[in-house]
Each structure stands twice: as structure tokens, then as C-alpha cells.
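Letters A, B, ... mirror the listed sequences (proteins, then strands); counts begin at 1.
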Amino acid sequence: MIDRDVFHGFLEAIHHLPEMAQPAPLSDDERVSRAKSVMRAKTDRGLALDLEACVHCGYCSEACHFYQGTQDPRYSPSRKLDLLRRVHARESSAFAPLQRLFTPDITVAELQAWQELVYDACTECGRCSMICPMGINIARGVNVMREALFEAGLAPLELMAVAQEQAGRGTVFGVGPAELKRTLDALRAQGIAIPLDEPKADIMLVSTVIDVLLYQDALAATARILNHLGLNWTLRSAGFEAANFGLLSGSETLQKAATKRLVDEALAIGARTVILPECGHAYPALRWEGRLDNGDPLPFEVLAVSEFVGREITSGRLHVTPGEQGRKITYHDACKLARHGGVMDEPRAALKALGMELTETTPTAEKNWCCGGGAGAFLINRAAPLRHKAWEIKRRQIDDTGADTVVVSCASCRLNFMAGAEADQWSTRIDSVVEMVARQLPA
Amino acid sequence: MDLLDWARGPLLTGAIAVFVAGVGWRLFCLWRMPPAHGPGAPARHAFGVIDAVAASLTRMVPRGGFRPSATLVTVNPYLFHVGLAVIFFGYAPHIAFVRRLTGLSWPALPDMVMYLAAALTIVSLLMALLFRLSDAVLKKISSADDWITWTITFLPLITGMALVSEPSAATLAHEQAIYRGPLAIHLLSLELLLVWFPFGKLMHAFLVLPSRMQLATFFGRRGVHS
Ligand code: SF4
Ligand code: SF4
């Protein structure tokens, strides 16, 4: 059961995040110069191609929930890369000396204005790339913009606060090894065996602050499934946090440090597989972008828990008993897990095995609408009205399926769904893949 | 030497030189940028160059699953892209022009098809301009490049239409061009387009394939159909 008090406490904590941030006192010139140096360093061949290829057709706006929700042309995806485009045009493009005559340099006021565009009004969902006739990866450019703004001390205070906490104390929302242990003890008291800090294990399970505090049932469900399969697994106190606020806030150093904590722990115990919790962005961060210190690919397999569960069911290793007949469910693909991760078939395989009627949203899978809360947007207080507009598209999409339950496999989406549902008095049940599967494990 | 001699001679050579050197330089400058770091993780599905090319080609087909828009109509860009290609490659005098320059030639399309293509392309380009002037998103994201490129693309069409007064066979039968002034203007408008090409968004003709391939590879390795 989700403790609504904890949910509200979590929302309350988010409200106070800005007070905890420690923004660096930088002059305007320093901010511009720091931002530009990140932009310069990050403009590789691929990004330069993306920046030069845009034909200003505007199609990407059709795909963006922030534009569609508001009809405000400021939120056109292509425009989110304008400052990057200008710096590239002036400094590294083929006709840079000529471009400098016509292209004004970027200013601190523009950087400040772009903070809203690339943090509040972009969840880096990648949907715009699906429609762009030139195949431009706007989300990647937006992430570079976030890095530039972070270096310029212009990340939203909420994300800055969490990133600084994760970098400094190694905790997120005050959750560290002690809080993890408290939660595990509570789950063990329910009779669930949860190995912690085993020196060797085949599988390292990773959790996340939201599961430790709020979605403890998801953590318990994962543990029950792993135990049911008789696998040799463990959680590690020194590497249990999947959420990567370096990635979300735009700090590459912190992103690497957060990834390294997980990688080091997995290597230390000789894990062959790392299973990530229901957390969207953690998946591409480790599965697709994670590397060893020397740049080599990770020597272990990285799976999202919904991917793992679906795979086990498909292979016949995991059996589930038929669930409540007549329940009509739909599945929401988290952007980072599906569009940016490729995990689409496995969660569906798991849900289908439960014997309920699974109805797809329109559109679905890699073209699915973002819920509006990803990439840290959920933490930005002032973005709540904008986020809600994006959420309304999602809600309509779910309503149109006629499903009584929407199943998600990302705690961020789940939080955003819960907040949206509370604001709109929306009665559709919000459930999780791993919890549904665990509920139907054979006795 | 009159204007036509200039337009057919040194100015054309100069425009082609700017076009070739400019496009080459622009592509070279992109290529010399540091490469994006290599893919670290093993791909979910093998995704090679052929897959990327195939994905780039299929991206030409409009995708379902997105909202239809009142103004950003999907069909209009197809019209003027196809129209421009048909006019340039299908009209007998244009083929004769290319043959004079390169020795290459191919069968022409009937004049009627050309007139229709030209009319449709002109209407389509005017519609594109109308969208850009009236759609809030397009107004917001348009830059000088968009306006210059539109004008420079439109000029050869208009100056070319002004030349058409007889069937193309009759035009080609003349020993000498009869409307030397207007033909010179038409050629100059083409030369302007060639000169502008490397500097503005017309470059998308060369960037579209690598850019689509890059995205297709990014998603394809992850097992995502883009
Ligand atoms: S990545 Fe998503 S949120 Fe960002 S601009 Fe594209 S469609 Fe909009
Ligand atoms: S759809 Fe692609 S080419 Fe068109 S404006 Fe957006 S980013 Fe540029």
C-alpha cells in the first residue's frame, strides 16, 4: 500500500528543495563564458550535424507535449537548441568568421530564459525526433544545454539542491544506507528475505530513493520475484541509488560519479547482471551510457526490472497465476525506458501473462506521449502548471483506452501520475509492472 | 559579351565553383569536428550502415501517431520537393543545359507535365511562405536564412516561367536564344541559388542522409524503430 502521508511529505520536501541549493556566486560574464565553454566542448560531429541540419519546418512541435499542451510557440523543440546553434555558428561552423558578422553572441539574459525551456519545458523525451524529417536528436542537444546551464550556475534550484546533495553527502532526499536499511528491516519483518551487502552475488539489485521511501511495495515485489526464482542476489548499501541527478541536472561529473558508484559495487561482488528498479532515466544512464573508467563497455548485463521480469516469463522460468478476470489495463511506456531504452516488449509480455485485457494507448510504444514529469521536471516547483498541461494529454490518452488501470514501470512517471490524478480527482488505478507480477506469483 | 554570355560563361563557372567549394568546405568542417564518442554498450539488435540507410529512406514516408495540424500540412513539402526535381530534371531545355555542361542527357517529360509541375510548385512554395508568415511556431523559429532561401528558391521558377512562350521543342530548335535578356536573368537566378546553397539551409540536401542515419543508428542499436 502506498502511504499517502509519505507521498505528501515527498511533495512537501520538493517545495523546500530550493532553500537547500547553494548556487555559486558568478558574474554574468563568468556565466556566459562557462556556458559557452561547455557548449564548445560538447559540440562534436554528431551534435554539429544536428544543429546544422534543422530546416525550421516546425514539425517537432506537433510531437512535443509542452507545445501541444500550451500552444505556446516558445516551446517549439527546435527553438530549445537556438543558443547552441548560435554558439556553433559563431565559433565552430564552416563559415564562422562570416557568421559572427550576422549572428549575435549569447547573453546571460538568454541563458536565464532558456532555463525554463530546457528544464521545465523539456523532459528529454525524444518524441520530437520521431517526427523530425531531418532526424535531429533534440533531446541530446537539450541535455547539452542543461550541462551548459548547470556549469553557469543556472540550473533550477531544486535540481541543483538534489545534485549537490548526491555529490556531497551521497544521499538523495536524505536517503542513504541507514534509511535503506530501515526500509529493508521493515520489509524483512513482513517475511521477505532481502540480502544486503553480500560480498559476492550473481545479481546486484539497485533501488531508488522513491522506492525506499514511498514505493516500498515495488522493492518488496522485486525481492519476492528474485527469491521465487531462487537467484543469488544482493543490494549494496554503497551503490543502491539508481536515480542519477547528475544526468538530470546537467552535471556530467556527478553523472559519472553516480554511475561509477553502481559500477564499482557490481564489479566488487562479481555481478553478472545488474537489475535496475522501476526508474526510467536510470536505464539509459547505465545500460546505454554506462562505461568503465577506461571507456570500455560494462562487463555485466544491465536490465530494467520490468525487462527482467518479462524476459523470465517469456523464457518460461517464471510462472504467474491468472489475475483478476475482466480487469482492463493499459501500459504507459516511460520515455527513457521505451523510446530511449528499447524496453517495450518485455513489460507487455509480463502484463499479458497476467491474463488481464491489455489495451494499447494511441499512439503507443516508441511514439507514446510523455507524461510530462520526466528528466527531473517533476521536482521543479514553478513548472507544476506547465507539467499539468502536458499531463492532460496523457490523461486523455489513457481515458480513451477505457482501461480501469494504467500500469507504469517508472517511479517518476508514477509520481507524476499520482500528482495528476490527485489534482484532477482522476479515479483510474495506477499500478506497477513488478508489483502486479509479484501479486500473482504462485504460492 | 552581353549579359547572357556572362551568365552562361564566367558567372556560371564562378557560381558552380562557389557551390562545389562551399558545399565541400561545409561538409569538411563538419567531418573535422571531434567524433561523438563511440557506442559503449552492446546493441540490443545489430544495426549496421545498411539498416541506417534503409531507415533514412523510410523516414521519407510520413509517420502515423502524430497530431494532424491545420497549417503544418504534411503534403506541401512533398509537393514542392517533387515539383522542383521534376522541373529541373524533366524539362527539355534544362536537360539540354545539363548536356552542354556535362555531356549527360536523358529523356524529357512532356511540356504539359512540366507546366503543371511548375504551377503546382509555385502554388506550393507560396503556401509554404503563407504558413511561415501565419503559423505561430514557424514565425517564432524562422530566421533570415528561411526568408532568403525561400526567395532564392522561388526566383528561378518565376524567371523560368517568364521565358515560356512556345513549346520546348521550338525553343530548342532556335540556333540562338531569342529572349537573351530574360534567359540571362533566369540563369542569374540559378547562379544566385548555387552561390547561396552552401551558406544556408539548402545544405539540408546533403545533410539529410547523414543526419537521419545518425538518429536511426542511435535508436536502432537500442532496438527502437525510429
Ligand atoms: S524531447 Fe520531448 S519534451 Fe523535449 S522538446 Fe522534444 S518532444 Fe518536447
Ligand atoms: S522537425 Fe526537425 S527539422 Fe523541423 S524544425 Fe523541428 S528540429 Fe528542425
Side-chain angles (χ1 to χ4, degrees), chain A residues 43-50 52-59 61-63 67-68 71-74 76 78-79 82 92-95 98 102 126 129-137 140 284 287-291 295-298 302 338-344 362-367, chain B residues 22 25-42 44-45 56 59-60 63-69 72 74 77 131-132 135-146 198-199 201 203-204 207-208 210-216 218-219 221-226:
Chain A
T43 305
D44 56 25
R45 195 185 294 156
L47 181 56
L49 177 57
D50 277 345
E52 292 193 21
C54 178
V55 290
H56 289 165
C57 67
Y59 282 14
S61 310
E62 299 298 298
Y67 171 70
Q68 287 298 337
Q71 297 292 307
D72 184 338
R74 285 185 311 132
S76 169
S78 162
R79 188 167 175 270
D82 269 1
S92 43
S93 70
F95 302 112
L98 264 180
F102 306 103
S129 294
M130 293 284 144
I131 195 176
C132 171
M134 296 298 292
I136 293 169
N137 191 341
R140 189 199 161 203
R287 165 68 174 91
W288 294 110
E289 281 150 43
R291 285 180 172 76
D296 282 353
L298 301 175
V302 177
R339 196 156 34 237
H340 276 166
V343 179
M344 288 172 277
T362 310
T364 187
E366 76 278 356
K367 284 186 259 171
Chain B
W25 174 245
R26 192 141 166 210
L27 292 175
F28 170 75
C29 287
L30 267 176
W31 175 81
R32 73 169 178 187
M33 300 290 292
H37 60 66
R44 188 182 293 277
H45 297 305
S56 306
R59 195 167 262 261
M60 272 197 251
R63 309 217 42 197
F66 294 95
R67 292 190 170 195
S69 155
L72 298 170
T74 317
F131 296 157
R132 202 165 277 290
D135 183 88
V137 167
L138 290 179
K139 271 199 293 191
K140 192 85 185 168
I141 64 176
S142 294
S143 64
D145 181 10
D146 296 299
F199 297 97
K201 70 175 190 177
M203 267 303 284
H204 76 275
L207 302 182
V208 64
S211 154
R212 285 179 180 180
M213 283 172 69
Q214 169 170 279
L215 187 85
F218 172 83
F219 280 117
R221 294 187 77 257
R222 298 178 181 209
V224 177
H225 168 65
S226 67

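- Nearest heavy-atom pair, A:R287 versus B:A41, reported as atom, atom and distance to 0.1 Å: O-CB, 3.0 Å.
- In this structure, B:R222 contributes its side chain and A:G341 its backbone to no donor-acceptor pair below 3.5 Å.
- Note on B:M60, B:R26, B:K201, B:R32: by heavy-atom pairs under 4.5 Å with chain A, the leading option is B:R26.
- Of the two parts of A:L298, neither the backbone nor the side chain holds a non-hydrogen atom closer than 4.5 Å to a non-hydrogen atom of chain B.
- Listed here is the closest heavy atom pair of A:S61 and B:V137: OG-CG1, 3.2 Å.
- Comparing A:E366, A:R79, A:M130, A:R140 by how many heavy-atom pairs each has under 4.5 Å with chain B, the most go to A:M130.
- Heavy-atom distances place the side chain of A:Y67, and not its backbone, under 4.5 Å from chain B.
- Of the two parts of A:E52, the backbone and the side chain both hold a non-hydrogen atom closer than 4.5 Å to a non-hydrogen atom of chain B.
- Of all non-hydrogen atoms in B:S211 and A:D50, the two that sit nearest each other are OG-OD1, 4.5 Å.
- In this structure, the portion of A:S76 lying under 4.5 Å from any heavy atom of chain B is its side chain and not its backbone.
- Note: B:F131 CZ to A:C57 SG = 12.5 Å, rounded to the nearest 0.5 Å.
- Contact detail for A:Y59 and B:P77: the closest heavy-atom pair is OH-CG, 3.2 Å.
- Here the side chain of B:R212 pairs a donor or acceptor atom with the backbone of A:P133 at under 3.5 angstrom.
- Here the closest non-hydrogen pair linking A:V343 and B:R44 is CG2-NH2, 3.5 Å.
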### Query
Please walk me through it: do B:V224 and A:M344 pass side-chain contact (heavy atoms from CB on, under 4.5 Å)?
CA-CA 9 Å; B:V224 177; A:M344 288 172 277; 3.8 Å; yes

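- Only the backbone of B:S142 comes within contact range of chain A, judged by heavy atoms closer than 4.5 Å.
- The heavy-atom pair separating A:V55 from B:D146 by the smallest distance is O-OD1, 3.8 Å.
- The parts of B:H225 that come within reach of chain A are both its backbone and its side chain, each placing non-hydrogen atoms under 4.5 angstrom from that chain.
- Each of B:A216, B:S226, B:P35, B:A136 has some count of heavy-atom pairs under 4.5 Å with chain A, and the biggest count is that of B:P35.
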### Task
Would you please test A:H56 and B:R132 for side-chain contact (heavy atoms from CB on, under 4.5 Å) and show each step?
CA-CA 9 Å; A:H56 289 165; B:R132 202 165 277 290; 3.8 Å; yes

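- Atom NZ of residue B:K140 and atom CG of residue A:D72 lie 7.5 Å apart, to the nearest 0.5 angstrom.
- Residue contact with chain A, scored on non-hydrogen atoms closer than 4.5 Å, involves the backbone and the side chain of B:S143 alike.
- Neither the backbone nor the side chain of A:A365 has a heavy atom closer than 4.5 Å to any heavy atom of chain B.
- Proximity to chain B is absent for every atom of A:T364, based on heavy atoms less than 4.5 angstrom apart.
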### Query
Given the rule in the side-chain contact (heavy atoms from CB on, under 4.5 Å) test, do B:F218 and A:S129 qualify, once you have shown the distances and angles that lead to the verdict?
CA-CA 11 Å; B:F218 172 83; A:S129 294; over 6 Å; no

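- Heavy-atom pairs under 4.5 Å with chain B peak, among A:S78, A:A63, A:C132, at A:C132.
- In this structure the side chain of A:T43 reaches within 4.5 angstrom of the side chain of B:M33, judged on heavy atoms.
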